[in-house]
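Quick note on labels: first sequence line is chain A, next is B, and so on, each numbered from 1. As the structure is a computational prediction, the values presented were derived from the model and not from experiment.
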Amino acid sequence: MSAELKSEERSLNFLEEIIEQDLKEGKYKQIVTRFPPEPNGYLHIGHATSICLNFGLTKKYGGYTNLRFDDTNPVTEETEYVESIKDDVKWLGFEWKNELYASDYFDKLYEFAITLIKKGLAYVDDSTSEEIATQKGTPTEPGKRNKYADRSIEENLQLFEEMKAGKYKDGEKVLRAKIDMESPNMIMRDPLLYRIKHAYHHRTADKWCIYPMYDFAHGQSDSIENITHSICTLEFVPHRELYDWCIEKLEIYPSHQYEFARRNMTYTVMSKRKLLQLVNEKHVTGWDDPRMPTISGMRRRGYTAAALREFCDRVGISKRENIVDVGLLEFFVREDLNKKALRRMVVFDPLKVVITNYAASEEILTSENNPEDPNSGTREIPFSNELYIERDDFMETPSKKYFRLAPGQMVRLKSAYIIKCENVIKDEAGNITEIQCTYIPESKSGSDTSGINVKGTLHWVSVKHAISAEIRLYDRLFKVEDPSSGEGDFKDYINPDSLQIIKSVFAEPALKNAHLADSYQFIRKGYFVLDKDSSTSGMIFNRTVGLKDSWAKASK
RNA sequence: UGGCCUAUGGUGUAAUGGUAACACAACUGAUUUUGGUUCAGUCGUUUAAGGUUCGAAUCCUUAUAGGCCAACCA
């Protein structure tokens with residue numbers, strides 16, 4: 001409820017303003033958007049921004065959003081990608097009205113091309129790609145039209161028909177729009193509409209050997225679907241002129257294109273080409289490697305859909321170049337997980353503690369599952385006279401602000417007793433092998449009558465009850481904030497320590513029942529989630545994100 | 001040497017001609033059986049120069065900086 005209040009207080013972004021204006025003027029009864037991925041890679045956090053935008057807008061203003069695969073280039077597109085994209089959109093929590101494909105419109109698009117030819121607005125060009133590039137001029141010099149532009153409508157019709165029939169090899173001919181070779185906008189210098197590709201298409205198979213270019217497919221697809229607001233990223237701004245030209249000449253439903261700045265994030269890369277490279281060259285284990293900025297990677301890492309949605313909403317959109325701090329995303333992940341994650345105790349680097357005055361062999365203690373959520377219940381934790389604590393929770397000669405265990409000092413064991421360090425045992429090499437402590441019986445958690453106040457509380461695990469698990473600690477994939485902007489190859493900036501594996505940690509028994517996709521907070525350690533690599537023989541946990549650690553910062 | 005887009009704290013976004021603000025980050029302090037959470041506070045911003053105006057982050061001009069455009073990619 002307070003979240004609703006907040007969103008109402010929040011001001012409109014420039015697209016919401018446009019839409020509210022359109023609605024006010026009665027331009028549309030409802031708005032229709034689309035999310036138009038090309039199935040040539042997995043979706044990343046930048047796409048999540050677009051998804052939240054497109055689906056969020058129609059949810060807010062009434063209308064619907066289509067999922068449309070922009071599959072006009074058969075050589076890079078695969079069904080695997082189609083499936084992953086659908087999974088990701090669903091997981092993010094959105095429902096599309098129609099699942100569509102640009103390839104659904106290939107017949108229609110072919111008709112559109114014929115229409116343009118008949119209007120004298122398109123021609124078949126026999127030039128090579130090099131010739132076309134040369135004739136196009138440069139941003140500062142106008143281009144020149146070649147002789148093929150003079151072909152008759154009849155000839156163009158016949159040649160285009162022959163292109164479709166497979167009479168020509170790849171690259172032998174193209175269909176171009178006849179617009180303006182001298183336009184200051186390079187896109188308008190007789191852009192290519194169709195090219196020949198004798199390639200198998202993931203949906204139309206071998207039906208076609210000519211395929212429309214983006215500029216001749218996207219706007220028309222929008223138009224066919226009656227998209228009211230076609231939202232894309234800034235690099236398509238110059239294409240808008242052609243987008244509008246096609247709609248005007250074809251006299252079809254006038255969809256309109258609006259552009260916003262793509263989302264960049266620190267310490268990662270966001271282009272599908274680069275991500276594909278990381279996958280292909282095995283710098284990561286796959287598209288869903290938890291270090292990847294992909295939606296599937298983040299999901300596997302333990303980021304929640306709610307956190308991603310909140311991130312997209314709260315960061316907002318604009319038209320300026322940006323690189324958002326990955327720390328902001330991590331903030332929303334922590335904010336969400338703090339409310340939801342069950343608390344568990346896990347010791348990563350064990351140091352044995354023996355309670356010398358503990359007479360019973362063991363007892364069962366209870367602890368809250370999540371202090372932030374009273375409905376989360378409690379769990380049982382076995383306690384005994386032999387425990388593990390974290391090695392860095394003990395210091396033989398502590399610094400002044402060190403609140404943890406040290407000779408003669410007392411600490412609280414979380415949900416258990418206060419203990420006092422009496423003796424330090426070392427091996428011959430001088431390594432600490434064991435800490436001997438006494439406990440304060442009347443300091444039991446929940447019924448503490450000891451009157452003792454301690455500054456530090458430690459997590460712990462009973463030695464004989466501990467279960468084992470593997471832990472994967474992830475760090476940023478790159479060492480620098482913007483790997484793409486530096487000199488040289490972005491891969492030069494890969495962080496060699498982005499994955500640290502701890503083969504065996506000691507966990508409290510309650511963790512045995514961990515489920516995939518359940519998030520846990522390992523107390524004082526961070527948020528973790530069970531990885532799909534886990535088997536019956538061993539559990540593997542991914543670190544989603546660490547806890548804020550002001551002590552680590554202060555002690556530096 | 002063409003055209004287009006954009007410039008607000010460290011970062012991301014507001015303010016729509018009328019008091020420059022919110023979140024994150026950073027820093028203090030309080031609370032705390034997680035050095036977590038929570039709470040209170042501090043820090044710091046309109047690229048520059050002109051112009052219009054009673055009044056400009058906002059409108060205009062110029063400059064500067066960054067981005068995009070010369071793929072048979074999207």
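With rounding to whole Å, A:Asn453 atom CG is found 8 Å from B:U32 atom P. Across the protein-nucleic acid pair, A:Met395 atom CE and B:G35 atom P stand 15 Å apart, rounded to whole Å. Per the geometry, CG belonging to A:Asp215 stands 13 Å off P belonging to B:A71, to the nearest Å. When rounded to the nearest whole Å, the span between CD1 of A:Ile523 and P of B:U34 equals 9 Å. If you measure from atom CG of A:Asp313 to atom C1' of B:C22, you get 15 Å, rounded to the nearest angstrom. Atom pair A:Ile187:CD1 and B:C5:C1' shows a separation of 14 Å (rounding to whole Å applied). Rounding to whole angstrom units, CG of residue A:Leu413 and P of B:U34 are separated by 13 Å. Across the protein-nucleic acid pair, A:Leu242 atom CG and B:A71 atom P stand 15 Å apart, rounded to whole Å.
A ring-ring contact (aromatic ring centres under 6.0 Å, His included) with A:Phe106 holds for exactly one of A:Tyr211, A:Phe216, A:Phe112, A:Tyr194; it is A:Tyr211. For the side-chain contact (heavy atoms from CB on, under 4.5 Å) test with A:Trp460, the passing option among A:Leu413, A:Val411, A:Val353 is A:Leu413; the others fail.
One N or O donor and one acceptor, one from the side chain of A:Arg404 and one from the base of B:G35, sit under 3.5 Å apart.
Nucleotides B:U45 and B:U58, compared at atom C1', are 16 Å apart to the nearest Å. B:U46 and B:C59 have their C1' atoms separated by 16 Å, with the value rounded to a whole Å. Taking atom P on both B:G3 and B:U42, the two are 49 Å apart, rounded to the nearest angstrom. B:C43 and B:C22 are spaced 13 Å apart, taking the P atom of each and rounding to whole Å.
A:Glu372 comes within 4.0 angstrom of a nucleotide base, judged by non-hydrogen atoms across all strands. As judged by a 4.0 angstrom heavy-atom cut-off over every strand, A:Pro142 is placed among residues making no nucleic acid contact. Within 4.0 Å of A:Thr233, counting heavy atoms only, lies no atom of the nucleic acid at all. Contact annotation for A:Gln521: base contact, defined as any heavy-atom pair under 4.0 Å involving a base atom. Among the protein residues, A:Ser367 comes within range of no part of the nucleic acid, since none of its heavy atoms lies under 4.0 Å from any strand. Using a 4.0 Å heavy-atom criterion, one finds that A:Ile317 contacts the sugar-phosphate atoms exclusively. A:Phe216 comes within contact range of no nucleotide atom at all, as no heavy-atom separation falls under 4.0 Å. Residue contacts for A:Leu328: at a heavy-atom cut-off of 4.0 Å it reaches the sugar-phosphate backbone alone, with no base atom in range. Residue-level contact check: A:Ser550 touches the backbone only, with heavy atoms under 4.0 Å from sugar-phosphate atoms and none from bases. Within the 4.0 angstrom heavy-atom criterion, no nucleotide atom of any strand lies near A:Tyr211. Here A:Lys455 lies out of heavy-atom contact (under 4.0 Å) with every strand.
Across every strand in view, B:C68 sits in a pair with B:G3 that passes the Watson-Crick or G-U test at under 3.5 angstrom. Pairing of B:A21, defined by two Watson-Crick or G-U wobble distances under 3.5 Å, is identified with B:U13. Of the nucleotides present, B:G51 is the one that pairs with B:C59 by Watson-Crick or G-U wobble criteria, both distances under 3.5 Å. Nucleotide B:C39 is matched to B:G29 when pairs are restricted to Watson-Crick or G-U wobble geometry with both distances under 3.5 angstrom.
Under the 30°/60° scheme for interplanar angles, the aromatic rings of A:Phe311 and A:Phe332 are found to stand perpendicular.
Geometric assessment of A:Lys164 against the ring of A:Tyr110 yields a positive cation-pi assignment under the 6.0 Å and 45° thresholds.
Of the two residues near RNA chain B, A:Ser445 and A:Glu321, the one whose nearest nucleotide lies more 5' is A:Ser445. When the nearest nucleotides of RNA chain B are assigned to A:Lys136 and A:Val237 by heavy-atom distance, the more 5′-ward of the two goes with A:Val237.
By the 5.5 angstrom centroid cut-off and the 30-degree plane limit, A:Phe403 is classified as stacked against the base of B:G35. The aromatic ring of A:Trp551 is stacked on the base of B:G35, with the two ring centres less than 5.5 Å apart and the planes inclined by under 30°.
Looking only at atom types and distance, the side chain of A:Tyr168 has a donor-acceptor partner in the side chain of A:Glu162 under 3.5 Å away.
Dashed line: the shortest gap from a side-chain N or O of A:Lys553 to OP1 or OP2 of B:C27 is under 4.0 Å.
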Q: List the steps and the verdict of side chain to side chain contact (heavy atoms under 4.5 Å, CB included) for A:Tyr101 and A:Val82.
A: CA-CA 10 Å; A:Tyr101 296 79; A:Val82 171; 3.5 Å; yes

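Judged by distance alone, with hydrogens and angles left aside, the side-chain atoms of A:Arg263 form no donor-acceptor pair with the main-chain N or O of A:Cys312 at under 3.5 Å.
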